[in-house]
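Data block below; observations after.
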Amino acid sequence: MTTYSQARQTNAVQKFLQKAPVRTAVFIICFLWTLPTVGMFVSSFRTANEIRTTGWWTALIHPFEFSQWTLENYSTVLTADGMLNAFINSLIITIPATVIPITLAAFAAYAFAWMRFPGRDWLFAVVVGLLVVPLQMALIPVLRLYTDLELNGTFLGTWLAHTGFGLPLAIYLLYSYISQLPTELFESAFIDGASHYTAFTRLVLPLSVPAIASFAIFQFLWVWNDLLVALVFLGTNPDVAIVTSRLSAMVGTKGEAWHLLTAGAFLTMIIPLIVFFSLQRYFVRGLLAGSVKG
């Protein structure tokens, strides 16, 4: 019994030593990845003078010097004129700009995966090609079109812009998942007289929840944190300003109040974190969509 116990302990030690390099590498990567976030979090509770004159790590070395700690940064951001309206505008833009491309992409992905029509392969090749086109190339042409259609400075124009920029990735991601669904499911449904619409709503949508949730996280985070598209198509009108543009205005054109970004960054994280943790159980499954067939 003693010999068997010793053998098990030796085997456990050997396995631990074999995995030690990988675990050490993972720990180092996680440490380096989270270090800037920790620094920004600590700085968000420090005074502007302390942030400018000393490193954030000095607050951890001397944590009981209470003169350097303050909630002024958070108070300034929360009580800033128009900040509440900016949060509401961000939600008004982000939610439709996430739902619309998911809806369109789900129909398109099903069509590419299970419907036969002329030019299907060529159209799908165009969609894949659009993945590598920088959105900055489309800003000026789209802006000129919006000027003619009087869509500048409107939520509708921003929804359409985010939908167009997000559709290629959405179609490709959902296609990778939907195309790997068992063929027998669709054959049985069609034998029973189901139409493509019925197969899509009754079979594809319930089975594609992981992929849909995965893209919803990506799209929501991208739109919520966007500044470029909002400045181009919404402008600087305070009535339609979003959180990122409002924070940019608070910091100033020369960055004289950049210390406010430390608090603003964590305040803007709240809603994206709620979305992520609500859908996290589908996230990994959605990322692996289509990677393994069967």
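Throughout, numbering of the chain's residues begins at 1 and tracks the sequence.
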Working note: Phe112 + Ile178, criterion side-chain contact (heavy atoms from CB on, under 4.5 Å); need CA distance, chi angles, decisive distance, verdict.
CA-CA 9 Å; Phe112 282 127; Ile178 293 175; over 6 Å; no
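- Residues Ser245 and Ser248 have side chains that never bring a donor and an acceptor to within less than 3.5 angstrom of each other.
- Residues Asn152 and Thr147 bring a donor and an acceptor atom of their side chains to less than 3.5 Å of each other.
- Two residues are said to be in side-chain contact when any heavy atoms from C-beta on lie closer than 4.5 Å; Phe218 and Thr98 fail this criterion.
- Counting heavy atoms from C-beta on, the side chains of Leu169 and Phe165 never come closer than 4.5 Å.
- Across all their heavy atoms, Ser179 and Ser176 have their closest contact at OG-O, 3.6 Å.
- No side-chain donor-acceptor contact under 3.5 Å links Thr262 and Arg46.
- Summarising the local packing, CG of Asp81 is surrounded by 12 or fewer heavy atoms from other residues, nucleotides or ligands at distances under 6.0 Å.
- Linking Ile, Leu, Val, Met, Phe, Trp and Tyr whenever their side-chain heavy atoms come within less than 4.5 Å leaves Met137 and Val127 in two separate clusters.
- Contact between Ser44 and Tyr74 at its shortest, heavy atoms only, is OG-OH, 2.8 Å.
- Taking CD1 of Ile102 as the reference point, atom CG of Leu167 lies at 10.5 Å (rounded to 0.5 Å).
- Residues Phe45 and Leu71 have side chains in contact (heavy-atom distance under 4.5 Å, counting atoms from C-beta outward).
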What do the steps show when you test Thr198 against Ser195 for side-chain hydrogen bond (donor to acceptor under 3.5 Å, both in side chains), and what is the final call?
CA-CA 5 Å; Thr198 302; Ser195 63; 3.1 Å; yes
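- By the 4.5 Å heavy-atom criterion applied to side chains, Thr37 and Phe266 are counted as neighbours.
- The neighbour count for Tyr146 OH, taken as heavy atoms of other residues, nucleotides or ligands under 6.0 Å away, is above 12.
- Residues Leu139 and Phe233 have side chains in contact (heavy-atom distance under 4.5 Å, counting atoms from C-beta outward).
- Transitive grouping of hydrophobic side chains (ILVMFWY, heavy atoms separated by less than 4.5 Å) keeps Leu104 and Val126 in distinct clusters.
- Not one N or O on the side chain of Ser214 forms a donor-acceptor pair closer than 3.5 Å with the backbone of Pro210.
- Looking at heavy atoms from C-beta onward, Leu91 lies out of side-chain contact with Phe87 at the 4.5 angstrom threshold.
- Side-chain contact between Leu234 and Ile93 is present, with at least one heavy-atom pair separated by less than 4.5 Å.
- A donor-acceptor pair under 3.5 Å links the side-chain atoms of Asn237 to the main chain of Asp239, judged by distance alone.
- Among Asn85, Val223, Ile242, Thr244, the one residue that satisfies the side chain to side chain contact (heavy atoms under 4.5 Å, CB included) test with Ser90 is Ile242.
- When atom types are taken as modelled, the side chain of Glu72 and the backbone of Thr47 share no donor-acceptor pair closer than 3.5 angstrom.
- In Arg120, the CZ atom is crowded: over 12 heavy atoms of neighbouring residues, nucleotides or ligands sit closer than 6.0 Å.
- The minimum heavy-atom distance linking Trp224 with Ile271 is given by the pair CH2-CD1, 3.5 Å.
- Of all heavy-atom pairs between Ala97 and Gln219, the closest is O-NE2, 2.9 Å.
- For CZ of Phe117, the number of neighbouring non-hydrogen atoms (other residues, nucleotides, ligands) closer than 6.0 Å is greater than 12.
- In this structure, Ser208 contributes its side chain and Leu205 its backbone to no donor-acceptor pair below 3.5 Å.
- A donor-acceptor distance shorter than 3.5 angstrom exists from the side chain of Asp226 to the backbone of Ala230, with no hydrogens or angles considered.
- Phe190 and His196 have perpendicular rings, their planes meeting at more than 60° on a 0 to 90° scale where under 30° would count as parallel.
- Using the six-membered ring where Trp is involved, His162 and Trp222 have ring planes that are perpendicular, over 60° apart on the 30 and 60° scheme.
- Around atom CD of Glu150, no more than 12 heavy atoms belonging to other residues, nucleotides or ligands sit under 6.0 Å away.
- Between Phe276 and Phe220, the distance from one ring center to the other does not fall under 6.0 angstrom.
- For Leu131, the CG atom counts as densely surrounded, since its 6.0 Å shell holds more than 12 non-hydrogen atoms of other residues, nucleotides or ligands.
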Show your reasoning for whether side-chain contact (heavy atoms from CB on, under 4.5 Å) applies to Trp159 and Ile92.
CA-CA 9 Å; Trp159 295 340; Ile92 292 175; 4.1 Å; yes
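- Considering all non-hydrogen atoms of both residues, Leu173 and Phe215 come closest at CD2-CB, 3.6 Å.
- Relative ring orientation between Phe186 and Tyr110 is described as tilted, the plane-to-plane angle lying within the 30° to 60° band.
- Residues Ile51 and Asn73 have side chains in contact (heavy-atom distance under 4.5 Å, counting atoms from C-beta outward).
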Assess whether side-chain contact (heavy atoms from CB on, under 4.5 Å) is satisfied between Met83 and Leu247, documenting all intermediate values.
CA-CA 8 Å; Met83 184 55 68; Leu247 286 175; 4.0 Å; yes
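- Side chain of Ser188 to main chain of Leu185: no donor-acceptor pair is present (N/O by atom type, distance under 3.5 Å, no hydrogens or angles).
- Counting heavy atoms of neighbouring residues, nucleotides and ligands inside a 6.0 Å radius, atom CZ of Arg144 does not exceed 12 of them.
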